[in-house]
Amino acid sequence: MAETMSWDTSRLDRKDISIVSELMYQLKVREVMTRNVCTVTPAHTLRDVQHVMRDRRISGVPVVENNKLVGIVSLDDIIRALDTGEIGKSVDEKMTRKVCTVHDNVSVVKAIDEMEKSGFGRLPVLDARGRLVGILTHWDVVRKLLVMLQEVALQAEQRERDLHGTAVDGSPGAQGVALEFDIDKDDFENAGIASSTVKKQLQSRNVPAPIIRRIAVAMYEAEMNMIIHSLGGKMFVTIFPDRVLVKAIDRGPGIADVELAMKEGFSTASEKVREMGFGAGMGLSNIKRCADRFDIKSSLGTWTELTIEVDLAGTK
Amino acid sequence: MTIRECAERLQAEVVCGEEHVDRPVEAVCASDLLSDVLATDKHTFLLITGLCTPQVVRTAELMGSAGIVFVRGKYPPQEAIGMAKVHDIPLLCTRAEMFEACCLLANLGLEKHAE
């Protein structure tokens, strides 16, 4: 009768596990359970139950009498009855009477605990008044979690589309199109939004892809620098007919030794940032490499200002 | 070489972007350091990485990468999948380790693109 399920966590990283366990704590049994429960009465025969199981493709049937749960018949019970020639006997004689149940308002985590402790793979679900309102199996839980995880992806997708949809129109200035982005400290989630938006703008102007890439990369590195090192700041982008000018101005610690900061491999980034694949001390030198003109000014303890210029007809 | 051929070679699962797997792959960039990826001169490359964050997708998007392979059976977070769909970037998962994945693709003739 026992079914066991173990989460194969080898394929999940820490963040996935935390999402899954968070979802499982939030979820109540009533949100996950199968509601249309197929039941039998004690007067049915095990043969009847066998047919129900076959037709409905289920492996356990609760037994109900006068609206009360009085037992359960599992696939194992049926197999045993076929073995011993007792398949014609009544449910009343052969059902399991001591049924492990769960209430509809408890968390899925508690229900899974219950399944593991009892060794039962399916638990009839009762409401506050003790009526049978559903049945819960591992599969119900997995199916619901998959749907919820997919919703996380859909939300991320929508968010990305919205960001792209709203920010594409810059205000046309006297000489070019001006765009402005707020960059917040530690806001890794939105890292690259400015770059991605400018990339899209330039694509719509048919700027050659290699030039777009240099601008996008330089901006992304600058965004990352502000997110990682500064207290936040702004990025001003002006698209002229012949060039793109980016000014990244942040509040923050400033750079003690600009020459040292420009050196490849030098970094003051934290371990967390390095785990994300950044902070290798190559940002500034990469920005310089991508730009046609590059300047950095910094005042220790106050601000840093990067000026990046890329020619739109560049051959770099 | 296409993404599809790379996926077959790596016995990789296509997580999203199935409709783009016939896209050509001109080079491979294998790295766990996004700073290195951002500094590469390669174009239309397949990014092979053990990093599993939304920033990997952002980096690939900005670099115009052809697709991403996550190695060692790692599965990208849902945010990354959502982002990849918007930018039409196929995401692949293989059980192979980084070195193994590189060897498999090198045997396909992609080694001449390696730096």
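Chain A is the first sequence line, chain B the second, and so forth, proteins listed ahead of strands; every chain is numbered from 1.
- Scanning residues 220-235 of chain A against chain B with a 4.5 Å non-hydrogen threshold yields A:Tyr220, A:Glu221, A:Met224, sorted by number.
- If you measure heavy-atom distances from B:Thr49 to chain A, you find no contacts under 4.5 Å at all.
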* Asked: Can B:Leu34 and A:Met276 be said to form a side chain to side chain contact (heavy atoms under 4.5 Å, CB included), step by step?
  -> CA-CA 8 Å; B:Leu34 294 178; A:Met276 291 170 68; over 6 Å; no
* For B:Glu79 and A:Glu189, run side chain to side chain contact (heavy atoms under 4.5 Å, CB included): C-alpha distance rounded to whole Å, both residues' side-chain angles, the deciding distance at 0.1 Å, then the answer. => CA-CA 10 Å; B:Glu79 290 93 328; A:Glu189 204 181 321; over 6 Å; no
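- Closest approach of A:Arg289 and B:Asp41 over heavy atoms only: NH1-OD1, 2.9 Å.
- Using a 4.0 Å cut-off between charged side-chain N and carboxylate O, B:Glu61 and A:Lys200 make no salt bridge.
- The local environment of CD in B:Glu97 is sparse, with at most 12 non-hydrogen atoms from other residues, nucleotides or ligands closer than 6.0 Å.
- With a 6.0 Å radius and a threshold of 12 heavy atoms from other residues, nucleotides or ligands, B:Gln11 has its CD atom at or below the threshold.
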* Test log, rule side chain to side chain contact (heavy atoms under 4.5 Å, CB included), inputs B:Ile81 and A:Gln150 -> CA-CA 9 Å; B:Ile81 298 173; A:Gln150 207 180 4; over 6 Å; no
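- Listed for the B:Gln55 side chain is a donor-acceptor partner under 3.5 Å among the backbone atoms of A:Phe188.
- Closest heavy-atom contact between A:Val217 and B:Leu38: CG1-O, 3.5 Å.
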* Before giving the answer on side chain to side chain contact (heavy atoms under 4.5 Å, CB included), spell out for B:Arg58 and A:Glu160 the whole-Å C-alpha distance, their side-chain angles and the decisive distance to 0.1 Å. => CA-CA 11 Å; B:Arg58 179 70 71 204; A:Glu160 187 77 7; 2.7 Å; yes
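- Looking at every heavy atom in both residues, B:Leu62 comes nearest to A:Ala216 through CD2-CB, 3.9 Å.
- Of all non-hydrogen atoms in B:Gly82 and A:Ala156, the two that sit nearest each other are CA-CB, 4.2 Å.
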